[in-house]
Q: 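One structure coming up, written as C-alpha coordinates, with questions to follow.
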Amino acid sequence: MRRLYRKKALNLVKELDAFPKVPESYVETTASGGTVSLIAFTAMAVLAFFEFFVYRDTWMKYQYEVDKDYSSKLRINIDITVAMRCQHVGADVLDLAETMVASDGLEYEPVIFELSPQQRLWHRTLLLIQNRLREEHSLQDVLFKTVLKGSPTALPPREDTPTQPLSACRIHGHLYVNKVAGNFHITVGKAIPHPRGHAHLAALVSHETYNFSHRIDHLSFGEEVPGIINPLDGTEKICIDHNQMFQYFITVVPTKLQTYKISADTHQYSVTERERVINHAAGSHGVSGIFMKYDISSLMVTVTEQHMPFWQFLVRLCGIIGGIFSTTGMLHGLVGFCVDVVCCRFKLGVYRPKEVSISDGQTGANHWPQTGF
(Lines give C-alpha, C1' and ligand atoms only; values in the text may rest on other atoms or scores of the structure.)
Protein backbone atom coordinates (compact mmCIF):
# COMPACT_ATOMS: atom_id res chain seq x y z
CA MET A 1 0.00 0.00 0.00
CA ARG A 2 2.83 2.37 0.83
CA ARG A 3 4.39 1.77 -2.57
CA LEU A 4 1.07 2.45 -4.24
CA TYR A 5 0.67 5.73 -2.36
CA ARG A 6 4.22 6.72 -3.22
CA LYS A 7 3.60 5.95 -6.87
CA LYS A 8 0.40 8.00 -6.91
CA ALA A 9 2.17 10.89 -5.20
CA LEU A 10 5.03 10.69 -7.70
CA ASN A 11 2.59 10.70 -10.62
CA LEU A 12 0.82 13.72 -9.13
CA VAL A 13 4.11 15.57 -8.83
CA LYS A 14 4.97 14.67 -12.44
CA GLU A 15 1.64 16.07 -13.61
CA LEU A 16 2.51 19.40 -11.92
CA ASP A 17 5.79 19.65 -13.84
CA ALA A 18 5.90 23.10 -15.46
CA PHE A 19 9.10 22.25 -17.34
CA PRO A 20 8.28 19.23 -19.53
CA LYS A 21 11.24 17.61 -21.23
CA VAL A 22 11.19 17.16 -25.00
CA PRO A 23 13.16 14.20 -26.39
CA GLU A 24 16.19 15.25 -28.38
CA SER A 25 14.92 13.28 -31.41
CA TYR A 26 12.04 15.78 -31.72
CA VAL A 27 14.24 18.84 -31.41
CA GLU A 28 15.36 20.53 -34.63
CA THR A 29 18.28 22.97 -34.53
CA THR A 30 18.71 25.74 -37.09
CA ALA A 31 21.41 28.22 -37.97
CA SER A 32 19.13 31.17 -37.18
CA GLY A 33 18.28 29.73 -33.78
CA GLY A 34 21.96 29.23 -33.02
CA THR A 35 22.73 32.80 -34.04
CA VAL A 36 19.98 34.17 -31.83
CA SER A 37 21.15 31.99 -28.94
CA LEU A 38 24.72 33.27 -29.34
CA ILE A 39 23.50 36.87 -29.32
CA ALA A 40 21.33 36.18 -26.27
CA PHE A 41 24.18 34.57 -24.29
CA THR A 42 26.50 37.45 -25.19
CA ALA A 43 23.93 40.03 -24.05
CA MET A 44 23.40 38.11 -20.80
CA ALA A 45 27.11 38.03 -20.08
CA VAL A 46 27.58 41.75 -20.80
CA LEU A 47 24.58 42.87 -18.76
CA ALA A 48 25.46 40.55 -15.87
CA PHE A 49 29.00 41.95 -15.90
CA PHE A 50 27.77 45.55 -15.65
CA GLU A 51 25.16 44.57 -13.08
CA PHE A 52 27.92 43.20 -10.86
CA PHE A 53 29.62 46.61 -10.90
CA VAL A 54 26.30 48.25 -10.02
CA TYR A 55 26.02 45.82 -7.10
CA ARG A 56 29.51 46.74 -5.88
CA ASP A 57 28.81 50.47 -6.10
CA THR A 58 27.34 52.45 -3.21
CA TRP A 59 25.38 55.67 -2.96
CA MET A 60 24.81 58.34 -0.33
CA LYS A 61 21.42 58.78 1.30
CA TYR A 62 20.54 62.15 2.86
CA GLN A 63 18.12 62.42 5.78
CA TYR A 64 17.06 65.63 7.54
CA GLU A 65 15.95 66.14 11.12
CA VAL A 66 15.94 68.82 13.79
CA ASP A 67 19.25 69.20 15.63
CA LYS A 68 18.44 68.61 19.31
CA ASP A 69 22.02 68.98 20.52
CA TYR A 70 22.28 72.62 21.58
CA SER A 71 24.46 72.29 24.69
CA SER A 72 27.66 70.91 23.17
CA LYS A 73 30.59 72.97 21.94
CA LEU A 74 31.37 73.63 18.28
CA ARG A 75 34.92 73.17 17.09
CA ILE A 76 36.34 75.57 14.49
CA ASN A 77 39.45 74.40 12.59
CA ILE A 78 41.47 77.29 11.18
CA ASP A 79 44.50 77.62 8.93
CA ILE A 80 44.80 81.15 7.50
CA THR A 81 47.83 83.08 6.31
CA VAL A 82 47.69 86.89 6.52
CA ALA A 83 50.23 89.19 4.82
CA MET A 84 51.04 91.04 8.07
CA ARG A 85 53.47 90.39 10.88
CA CYS A 86 52.22 88.29 13.75
CA GLN A 87 52.73 91.02 16.34
CA HIS A 88 50.40 93.31 14.38
CA VAL A 89 47.33 91.05 14.09
CA GLY A 90 45.03 89.26 16.49
CA ALA A 91 42.30 86.64 16.06
CA ASP A 92 39.40 85.83 18.33
CA VAL A 93 35.69 84.93 18.38
CA LEU A 94 32.79 86.98 19.66
CA ASP A 95 29.49 85.11 19.81
CA LEU A 96 25.93 86.39 19.79
CA ALA A 97 25.85 86.66 23.57
CA GLU A 98 28.80 89.08 23.45
CA THR A 99 31.03 86.39 24.92
CA MET A 100 34.63 86.57 23.78
CA VAL A 101 36.17 83.13 23.27
CA ALA A 102 39.81 82.78 24.23
CA SER A 103 42.11 82.03 21.30
CA ASP A 104 44.47 79.82 23.29
CA GLY A 105 44.16 77.03 20.71
CA LEU A 106 45.53 79.20 17.89
CA GLU A 107 49.21 79.43 16.98
CA TYR A 108 50.86 82.41 15.28
CA GLU A 109 53.68 81.30 12.97
CA PRO A 110 55.81 83.82 10.99
CA VAL A 111 55.95 82.69 7.35
CA ILE A 112 56.38 83.99 3.80
CA PHE A 113 53.12 84.83 2.08
CA GLU A 114 54.28 83.77 -1.39
CA LEU A 115 54.01 80.05 -2.03
CA SER A 116 56.80 77.86 -3.28
CA PRO A 117 56.41 76.18 -6.71
CA GLN A 118 55.27 72.91 -5.11
CA GLN A 119 52.81 74.70 -2.85
CA ARG A 120 51.49 76.79 -5.75
CA LEU A 121 50.86 73.59 -7.73
CA TRP A 122 48.93 72.16 -4.78
CA HIS A 123 46.93 75.39 -4.50
CA ARG A 124 46.00 75.39 -8.21
CA THR A 125 44.89 71.76 -7.98
CA LEU A 126 42.69 72.60 -5.00
CA LEU A 127 41.10 75.50 -6.90
CA LEU A 128 40.35 73.23 -9.86
CA ILE A 129 38.61 70.77 -7.55
CA GLN A 130 36.62 73.61 -5.98
CA ASN A 131 35.44 74.78 -9.40
CA ARG A 132 34.34 71.27 -10.33
CA LEU A 133 32.47 70.94 -7.03
CA ARG A 134 30.55 74.15 -7.74
CA GLU A 135 29.55 72.90 -11.20
CA GLU A 136 28.90 69.25 -10.34
CA HIS A 137 27.49 68.85 -6.83
CA SER A 138 27.37 65.05 -7.21
CA LEU A 139 31.16 64.98 -6.82
CA GLN A 140 30.60 65.63 -3.12
CA ASP A 141 29.27 62.06 -2.81
CA VAL A 142 32.55 60.79 -4.26
CA LEU A 143 34.49 62.75 -1.63
CA PHE A 144 32.26 61.35 1.14
CA LYS A 145 32.90 57.76 0.01
CA THR A 146 36.67 58.23 -0.35
CA VAL A 147 37.38 60.33 2.74
CA LEU A 148 40.31 58.25 3.97
CA LYS A 149 41.71 57.75 0.47
CA GLY A 150 41.72 61.45 -0.35
CA SER A 151 44.86 63.54 -0.36
CA PRO A 152 45.55 65.72 2.70
CA THR A 153 43.78 69.06 2.54
CA ALA A 154 46.52 70.88 4.52
CA LEU A 155 49.06 73.00 2.72
CA PRO A 156 52.26 70.95 2.20
CA PRO A 157 55.46 72.32 3.79
CA ARG A 158 57.90 74.34 1.74
CA GLU A 159 60.52 72.31 -0.09
CA ASP A 160 63.07 75.15 -0.05
CA THR A 161 64.70 77.23 2.69
CA PRO A 162 63.26 80.77 2.69
CA THR A 163 65.72 83.62 2.32
CA GLN A 164 63.15 86.42 2.36
CA PRO A 165 62.01 88.07 5.60
CA LEU A 166 59.07 86.40 7.33
CA SER A 167 56.60 89.23 6.75
CA ALA A 168 53.38 87.18 6.94
CA CYS A 169 51.63 85.31 9.74
CA ARG A 170 50.07 81.87 9.59
CA ILE A 171 47.26 81.51 12.13
CA HIS A 172 46.33 77.86 12.60
CA GLY A 173 44.75 75.66 15.23
CA HIS A 174 41.24 75.17 16.57
CA LEU A 175 38.73 76.86 18.88
CA TYR A 176 35.73 75.59 20.83
CA VAL A 177 32.75 77.93 20.78
CA ASN A 178 29.10 77.81 21.83
CA LYS A 179 26.58 76.55 19.28
CA VAL A 180 25.20 80.01 18.64
CA ALA A 181 25.87 82.57 15.94
CA GLY A 182 29.23 84.26 16.23
CA ASN A 183 31.92 86.26 14.53
CA PHE A 184 35.47 85.00 14.05
CA HIS A 185 37.68 87.86 12.96
CA ILE A 186 41.29 88.76 12.33
CA THR A 187 42.08 92.43 12.66
CA VAL A 188 44.82 94.84 13.70
CA GLY A 189 46.21 94.46 17.22
CA LYS A 190 45.83 91.84 19.88
CA ALA A 191 42.43 91.35 21.49
CA ILE A 192 42.03 92.47 25.08
CA PRO A 193 39.11 91.93 27.48
CA HIS A 194 37.07 95.04 28.10
CA PRO A 195 34.29 95.65 30.63
CA ARG A 196 32.07 97.16 27.97
CA GLY A 197 32.70 94.67 25.23
CA HIS A 198 35.52 93.90 22.90
CA ALA A 199 38.66 95.82 21.84
CA HIS A 200 41.94 95.43 19.95
CA LEU A 201 45.20 97.27 20.57
CA ALA A 202 45.46 98.86 17.12
CA ALA A 203 46.75 102.31 18.09
CA LEU A 204 50.39 101.27 17.97
CA VAL A 205 50.21 99.92 14.41
CA SER A 206 50.71 102.32 11.49
CA HIS A 207 48.04 102.41 8.78
CA GLU A 208 50.76 102.02 6.16
CA THR A 209 51.45 98.51 7.38
CA TYR A 210 47.84 97.37 6.98
CA ASN A 211 47.66 94.54 4.47
CA PHE A 212 44.90 92.01 4.91
CA SER A 213 45.72 90.01 1.82
CA HIS A 214 45.09 86.46 2.99
CA ARG A 215 44.87 82.85 1.95
CA ILE A 216 42.51 80.38 3.60
CA ASP A 217 44.23 77.01 3.42
CA HIS A 218 41.61 75.33 5.59
CA LEU A 219 38.45 76.30 7.43
CA SER A 220 36.04 73.69 8.78
CA PHE A 221 33.60 73.17 11.62
CA GLY A 222 33.26 70.12 13.84
CA GLU A 223 35.40 67.03 13.68
CA GLU A 224 38.12 67.35 11.07
CA VAL A 225 37.76 64.61 8.44
CA PRO A 226 40.75 64.00 6.12
CA GLY A 227 39.95 64.19 2.43
CA ILE A 228 36.90 66.46 2.76
CA ILE A 229 37.22 69.75 0.86
CA ASN A 230 35.38 72.70 2.35
CA PRO A 231 34.00 75.67 0.39
CA LEU A 232 36.61 78.19 1.59
CA ASP A 233 39.65 75.92 1.28
CA GLY A 234 42.11 77.48 -1.16
CA THR A 235 40.50 80.95 -1.13
CA GLU A 236 43.06 83.73 -1.76
CA LYS A 237 42.35 87.46 -1.61
CA ILE A 238 44.75 90.29 -2.46
CA CYS A 239 44.20 93.78 -1.07
CA ILE A 240 43.91 96.77 -3.38
CA ASP A 241 44.02 99.25 -0.48
CA HIS A 242 45.50 99.39 3.02
CA ASN A 243 42.09 99.86 4.66
CA GLN A 244 40.04 96.99 3.33
CA MET A 245 37.41 94.72 4.91
CA PHE A 246 36.74 91.12 3.89
CA GLN A 247 33.50 89.55 5.08
CA TYR A 248 32.39 85.93 4.87
CA PHE A 249 28.81 85.02 5.82
CA ILE A 250 28.70 81.33 6.70
CA THR A 251 25.74 79.02 7.40
CA VAL A 252 26.85 75.90 9.27
CA VAL A 253 24.81 72.69 8.96
CA PRO A 254 25.45 69.87 11.49
CA THR A 255 26.21 66.66 9.60
CA LYS A 256 26.53 63.05 10.68
CA LEU A 257 28.66 61.10 8.22
CA GLN A 258 28.31 57.32 8.27
CA THR A 259 30.19 55.39 5.60
CA TYR A 260 31.77 51.96 5.45
CA LYS A 261 35.16 53.54 6.21
CA ILE A 262 34.40 56.22 8.78
CA SER A 263 31.74 57.54 11.13
CA ALA A 264 32.07 61.18 12.18
CA ASP A 265 30.07 64.12 13.53
CA THR A 266 31.14 67.00 11.36
CA HIS A 267 29.61 70.10 9.80
CA GLN A 268 29.06 71.35 6.28
CA TYR A 269 28.66 75.00 5.44
CA SER A 270 27.73 77.39 2.67
CA VAL A 271 29.27 80.83 2.32
CA THR A 272 28.77 84.17 0.63
CA GLU A 273 31.52 86.77 0.61
CA ARG A 274 31.89 90.51 0.32
CA GLU A 275 34.83 92.90 0.29
CA ARG A 276 35.03 96.67 0.33
CA VAL A 277 37.47 99.49 0.98
CA ILE A 278 37.04 101.43 4.25
CA ASN A 279 36.67 105.11 3.44
CA HIS A 280 34.93 107.15 6.13
CA ALA A 281 34.84 110.26 3.94
CA ALA A 282 32.86 108.38 1.28
CA GLY A 283 30.48 106.81 3.82
CA SER A 284 32.05 103.35 3.80
CA HIS A 285 32.52 102.76 7.53
CA GLY A 286 33.91 99.77 9.32
CA VAL A 287 37.14 98.19 10.54
CA SER A 288 39.87 96.78 8.36
CA GLY A 289 40.28 93.04 8.72
CA ILE A 290 38.87 89.60 7.96
CA PHE A 291 35.45 88.84 9.42
CA MET A 292 33.74 85.44 9.30
CA LYS A 293 30.19 85.65 10.59
CA TYR A 294 28.73 82.20 11.07
CA ASP A 295 25.26 80.98 12.00
CA ILE A 296 24.18 77.48 13.05
CA SER A 297 21.34 75.80 11.18
CA SER A 298 18.57 74.18 13.22
CA LEU A 299 18.45 71.20 10.83
CA MET A 300 20.87 68.29 10.94
CA VAL A 301 21.80 66.21 7.90
CA THR A 302 22.59 62.51 8.21
CA VAL A 303 24.63 61.20 5.27
CA THR A 304 24.63 57.40 5.11
CA GLU A 305 26.41 55.22 2.58
CA GLN A 306 24.12 52.46 1.32
CA HIS A 307 24.71 49.29 -0.64
CA MET A 308 22.44 47.12 -2.78
CA PRO A 309 21.33 43.99 -0.85
CA PHE A 310 22.50 40.64 -2.20
CA TRP A 311 18.95 39.37 -2.66
CA GLN A 312 18.12 42.39 -4.81
CA PHE A 313 21.19 41.70 -6.92
CA LEU A 314 19.99 38.10 -7.45
CA VAL A 315 16.48 39.29 -8.41
CA ARG A 316 17.89 41.76 -10.93
CA LEU A 317 20.21 39.11 -12.33
CA CYS A 318 17.32 36.65 -12.75
CA GLY A 319 15.30 39.39 -14.41
CA ILE A 320 18.11 40.01 -16.90
CA ILE A 321 18.49 36.34 -17.80
CA GLY A 322 14.76 35.58 -17.99
CA GLY A 323 13.96 38.78 -19.85
CA ILE A 324 16.59 38.19 -22.51
CA PHE A 325 15.48 34.55 -22.96
CA SER A 326 11.84 35.54 -23.37
CA THR A 327 12.52 38.55 -25.58
CA THR A 328 14.91 36.75 -27.94
CA GLY A 329 12.53 33.78 -28.16
CA MET A 330 9.59 36.00 -29.12
CA LEU A 331 11.67 37.99 -31.60
CA HIS A 332 13.02 34.84 -33.20
CA GLY A 333 9.51 33.39 -33.56
CA LEU A 334 8.13 36.68 -34.97
CA VAL A 335 10.94 37.06 -37.49
CA GLY A 336 10.58 33.41 -38.55
CA PHE A 337 6.84 33.84 -39.07
CA CYS A 338 7.35 36.98 -41.18
CA VAL A 339 10.00 35.24 -43.30
CA ASP A 340 7.66 32.29 -43.90
CA VAL A 341 4.83 34.60 -44.99
CA VAL A 342 7.08 36.52 -47.39
CA CYS A 343 8.62 33.34 -48.86
CA CYS A 344 5.17 31.78 -49.33
CA ARG A 345 3.80 34.93 -50.96
CA PHE A 346 6.63 35.29 -53.47
CA LYS A 347 7.38 31.58 -53.88
CA LEU A 348 10.86 31.72 -52.37
CA GLY A 349 12.98 29.15 -50.56
CA VAL A 350 11.15 25.95 -49.68
CA TYR A 351 8.02 27.34 -51.38
CA ARG A 352 9.69 27.57 -54.77
CA PRO A 353 7.98 25.33 -57.43
CA LYS A 354 9.84 22.12 -58.31
CA GLU A 355 10.10 20.59 -61.82
CA VAL A 356 9.08 16.92 -62.14
CA SER A 357 10.42 15.00 -65.24
CA ILE A 358 8.72 11.88 -66.73
CA SER A 359 11.19 9.19 -67.83
CA ASP A 360 8.86 7.25 -70.19
CA GLY A 361 9.54 9.49 -73.27
CA GLN A 362 6.79 12.04 -72.71
CA THR A 363 7.61 15.69 -72.38
CA GLY A 364 8.20 16.99 -68.95
CA ALA A 365 5.39 18.74 -67.21
CA ASN A 366 5.43 21.14 -64.39
CA HIS A 367 3.51 20.06 -61.37
CA TRP A 368 2.86 22.74 -58.83
CA PRO A 369 2.65 21.68 -55.23
CA GLN A 370 -0.53 22.69 -53.51
CA THR A 371 -0.11 24.64 -50.36
CA GLY A 372 -2.84 25.46 -48.02
CA PHE A 373 -3.09 28.40 -45.70
Q: Taking the ring of His214 and the ring of Phe212, is the distance between their centroids below 6.0 Å?
A: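 Aromatic pair excluded; centres sit 6.0 Å or further apart.
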Q: Does Asp67 pair with Lys179 as a salt bridge, N-O distance under 4.0 Å?
A: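 Yes, this pair counts.
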Q: Which residues pass the side-chain contact (heavy atoms from CB on, under 4.5 Å) test with Val180, not counting sequence neighbours?
A: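 Testing Val180 for side-chain contact (heavy atoms from CB on, under 4.5 Å), a comparison that skips the adjacent residues, returns Asp95, Asn178.
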Q: Whether the side chain of Gln268 engages the backbone of Val252 through a donor-acceptor N/O pair (distance < 3.5 Å, no angle test) should be reported.
A: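 Judged by distance alone, no pair lies under 3.5 Å.
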Q: Under the side-chain hydrogen bond (donor to acceptor under 3.5 Å, both in side chains) test against Asp79, which residue among Arg170, Arg215, His172 passes?
A: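 Testing Asp79 for a side-chain hydrogen bond (donor to acceptor under 3.5 Å, both in side chains) against Arg170, Arg215, His172 leaves exactly one candidate, Arg170.
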Q: Sequence neighbours left out, cut at 3.5 Å: what donor-acceptor pairs do the side chains of residues 281-290 make with other protein atoms?
A:
residue, atom, partner, partner atom, Å
Ser284, OG, Arg276, NH1, 2.9
Ser284, OG, Val277, O, 2.8
His285, ND1, His280, ND1, 3.0

Q: Residues in disulfide (SG to SG under 2.5 Å) with Cys86, at least two apart?
A: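 Disulfide (SG to SG under 2.5 Å) list for Cys86, sorted by chain: Cys169.
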Q: Is Phe325 atom CZ crowded by more than 12 heavy atoms from other residues, nucleotides or ligands, each under 6.0 Å away?
A: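 Count not over threshold, so no.
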Q: Would you call the rings of Tyr269 and Phe221 parallel, tilted or perpendicular, where under 30° means parallel and over 60° means perpendicular?
A: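 Answer is perpendicular, since the angle exceeds 60°.
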Q: Applying side-chain contact (heavy atoms from CB on, under 4.5 Å) to Thr58 and Tyr260, what does each step give before you reach the verdict?
A: CA-CA 10 Å; Thr58 58; Tyr260 291 105; 4.0 Å; yes
Q: Once you round to the nearest 0.5 Å, how far does OG of Ser167 lie from NE2 of His88?
A: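 One gets 11.5 Å once the value is rounded to the nearest 0.5 Å.
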Q: Which pairs with one or both residues in residues 242-251 pass salt bridge (Lys or Arg N to Asp or Glu O under 4.0 Å), sequence neighbours excluded?
A: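 Non-adjacent pairs meeting salt bridge (Lys or Arg N to Asp or Glu O under 4.0 Å): zero.
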Q: If the threshold is 4.0 Å, N to carboxylate O, is there a salt bridge linking Lys237 and Glu273?
A: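 Judged by the 4.0 Å cut-off on N to carboxylate O distance, Lys237 and Glu273 do form a salt bridge.
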Q: Taking transitive links into account, so neighbours of neighbours count too, which hydrophobic residues share a cluster with Phe337 at under 4.5 Å side-chain distance?
A: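 Grouped by the 4.5 Å side-chain rule, Val341 form the rest of the cluster around Phe337.
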Q: With sequence neighbours left out, which residue pairs that include part of residues 302-321 fulfil the ring-ring contact (aromatic ring centres under 6.0 Å, His included) condition?
A: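 As it turns out, the ring-ring contact (aromatic ring centres under 6.0 Å, His included) pairs with a partner in residues 302-321, which skip direct neighbours, are Tyr55-His307, Tyr55-Phe313.
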Q: Are any of the side-chain nitrogens in Arg120 or Glu236 under 4.0 Å away from the carboxylate oxygens of its partner?
A: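 Yes, charged N to carboxylate O under 4.0 Å.
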Q: Answer yes or no: is there a side-chain heavy-atom contact under 4.5 Å between Ile112 and Leu166?
A: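 A side-chain contact under 4.5 Å exists here.
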